[in-house]
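Quick note: residue numbers are just sequence positions, from 1.
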Amino acid sequence: QVLFVESGGGLVQAGGSLRLSCTASGLTLSSFGVAWFRQAPGMEREFVASIWWSGDTTYYADSVKGRFAISRDNGKGTVYLQMNSLKSEDTATYYCAARPSVARRTSPSDYKDWGQGTQVTVSS
């Protein structure tokens with residue numbers, strides 16, 4: 001069974017920063033592309049960013065481009081999402097997911113397994 005564990009969320013003021021972490025059990029995360037998604041109350045889950053297994057290619061939603069950065073440490077089996085210049089509209093539960101290739105895979109339906117997510121709340 002694959003289980004993702006997201007951590008690092010919290011309450012932050014607008015303009016602040018947070019770094020989220022994603023680890024997984026049941027698979028070797030370093031061999032998979034990883035994507036971050038987020039879901040606000042009453043909204044659909046939406047793509048945020050993705051990173052190839054090698055770490056050399058990343059992709060971002062337009063809404064976070066220039067503010068968020070996805071990275072990974074395959075030695076630690078961890079993927080990060082550095083979030084800077086946070087806005088109130090970034091408030092959501094953030095989830096990570098993985099698949100062998102994340103190329104053009106920006107729909108939640110492209111991913112099978114999910115964790116509990118980590119809550120990010122940005123106060124204005």
Side-chain angles (χ1 to χ4, degrees):
Q1 180 181 1
V2 176
L3 178 64
F4 293 94
V5 178
E6 304 91 347
S7 62
L11 174 64
V12 63
Q13 289 188 331
S17 299
L18 283 173
R19 188 177 80 158
L20 307 184
S21 299
C22 168
T23 59
S25 60
L27 60 78
T28 303
L29 196 62
S30 58
S31 299
F32 287 77
V34 174
W36 283 96
F37 287 79
R38 66 186 181 186
Q39 188 167 17
M43 305 292 286
E44 294 186 352
R45 193 166 298 188
E46 65 174 2
F47 172 82
V48 175
S50 61
I51 186 166
W52 270 231
W53 71 270
S54 59
D56 60 359
T57 302
T58 57
Y59 185 68
Y60 297 92
D62 288 343
S63 58
V64 306
K65 202 171 294 183
R67 300 188 299 122
F68 290 12
I70 188 171
S71 62
R72 66 190 305 158
D73 183 336
N74 284 341
K76 295 182 178 179
T78 304
V79 174
Y80 304 99
L81 184 68
Q82 177 67 43
M83 306 187 297
N84 300 324
S85 301
L86 282 162
K87 306 175 181 180
S88 58
E89 51 261 45
D90 295 317
T91 295
T93 301
Y94 284 71
Y95 303 87
C96 62
R99 64 189 322 279
S101 172
V102 293
R104 295 178 296 278
R105 301 292 188 175
T106 59
S107 170
S109 63
D110 292 326
Y111 299 81
K112 178 182 177 184
D113 300 294
W114 300 90
Q116 294 297 311
T118 185
Q119 177 66 39
V120 172
T121 303
V122 184
S123 62
S124 56

Novice: How far does OG of S85 sit from CZ of F68, to the nearest 0.5 angstrom?
Specialist: 9.0 Å
Novice: Within a strict 4.5 Å, meaning less than it, do heavy atoms of the S21 and K76 side chains meet?
Specialist: no
Novice: About how many Å separate OH of Y111 and SG of C96, when rounded to the nearest 0.5 Å?
Specialist: 11.0 Å
Novice: Looking only at non-hydrogen atoms, find the nearest pair between T23 and T78 and report the distance.
Specialist: CG2-OG1, 3.5 Å
Novice: Output the distance between atom CD (Q1) and atom OG (S25), rounded to the nearest 0.5 Å.
Specialist: 7.5 Å
Novice: Keeping T91 on the side-chain end and V122 on the backbone end, is there a donor-acceptor pair under 3.5 Å?
Specialist: yes
Novice: Check this for me: does any side-chain nitrogen of one of D90 and K87 sit under 4.0 Å from a carboxylate oxygen of the other?
Specialist: no
Novice: With a distance cut-off below 6.0 Å to the six-membered ring centre and an angular limit of 45° from the axis, does R45 pair with F37 as a cation-pi contact?
Specialist: no
Novice: Using the rule that two of Ile, Leu, Val, Met, Phe, Trp, Tyr join whenever any of their side-chain heavy atoms come within less than 4.5 Å, decide whether Y95 and F4 are in one cluster.
Specialist: no
Novice: Indicate the atoms forming the closest heavy-atom contact of A14 with S124, along with that distance.
Specialist: CB-CA, 4.2 Å
Novice: Got a second to check how far L18's CG is from L81's CG, nearest 0.5 Å?
Specialist: 9.5 Å
Novice: Out of curiosity, does V2 fall in the hydrophobic cluster containing W114 (side-chain heavy atoms, cut-off under 4.5 Å, transitive links)?
Specialist: no
Novice: Are the side chain of R72 and the backbone N or O of W52 linked by a donor-acceptor pair below 3.5 Å?
Specialist: yes
Novice: Do V79 and V120 land in one hydrophobic cluster if side-chain heavy atoms of ILVMFWY residues count as linked below 4.5 Å?
Specialist: yes
Novice: If you take all heavy atoms of A98 and F32, which pair is closest and at what distance?
Specialist: CB-CB, 3.9 Å
Novice: Check the hydrophobic clustering (I, L, V, M, F, W, Y; side-chain heavy atoms under 4.5 Å; chains of links allowed) and say if Y59 and L20 are grouped together.
Specialist: no
Novice: Using atom types as modelled and distance alone, determine if a side-chain donor or acceptor of E6 lies under 3.5 Å from a backbone N or O of T118.
Specialist: no
Novice: Would you check if V5 and Q116 make a side-chain contact, meaning some heavy-atom pair closer than 4.5 Å?
Specialist: no
Novice: Shortest non-hydrogen contact from C22 to W36?
Specialist: CB-CZ2, 3.5 Å
Novice: Return yes when atom NZ of K65 has more than 12 non-hydrogen atoms of other residues, nucleotides or ligands closer than 6.0 Å, and no otherwise.
Specialist: yes
Novice: Report the distance from atom OG of S7 to atom OH of Y80, rounding to the nearest 0.5 Å.
Specialist: 9.0 Å
Novice: Determine whether I70 and V102 fall in the same hydrophobic cluster, where Ile, Leu, Val, Met, Phe, Trp and Tyr are linked whenever their side-chain heavy atoms lie under 4.5 Å apart.
Specialist: no
Novice: For Y94, which of Q119, R38, Q39 qualifies under side-chain hydrogen bond (donor to acceptor under 3.5 Å, both in side chains)?
Specialist: R38
Novice: Are any of the side-chain heavy atoms of M83 and R67 separated by less than 4.5 Å?
Specialist: no
Novice: Considering residues, nucleotides and ligands other than F47, do more than 12 of their heavy atoms fall under 6.0 Å from its CZ?
Specialist: yes
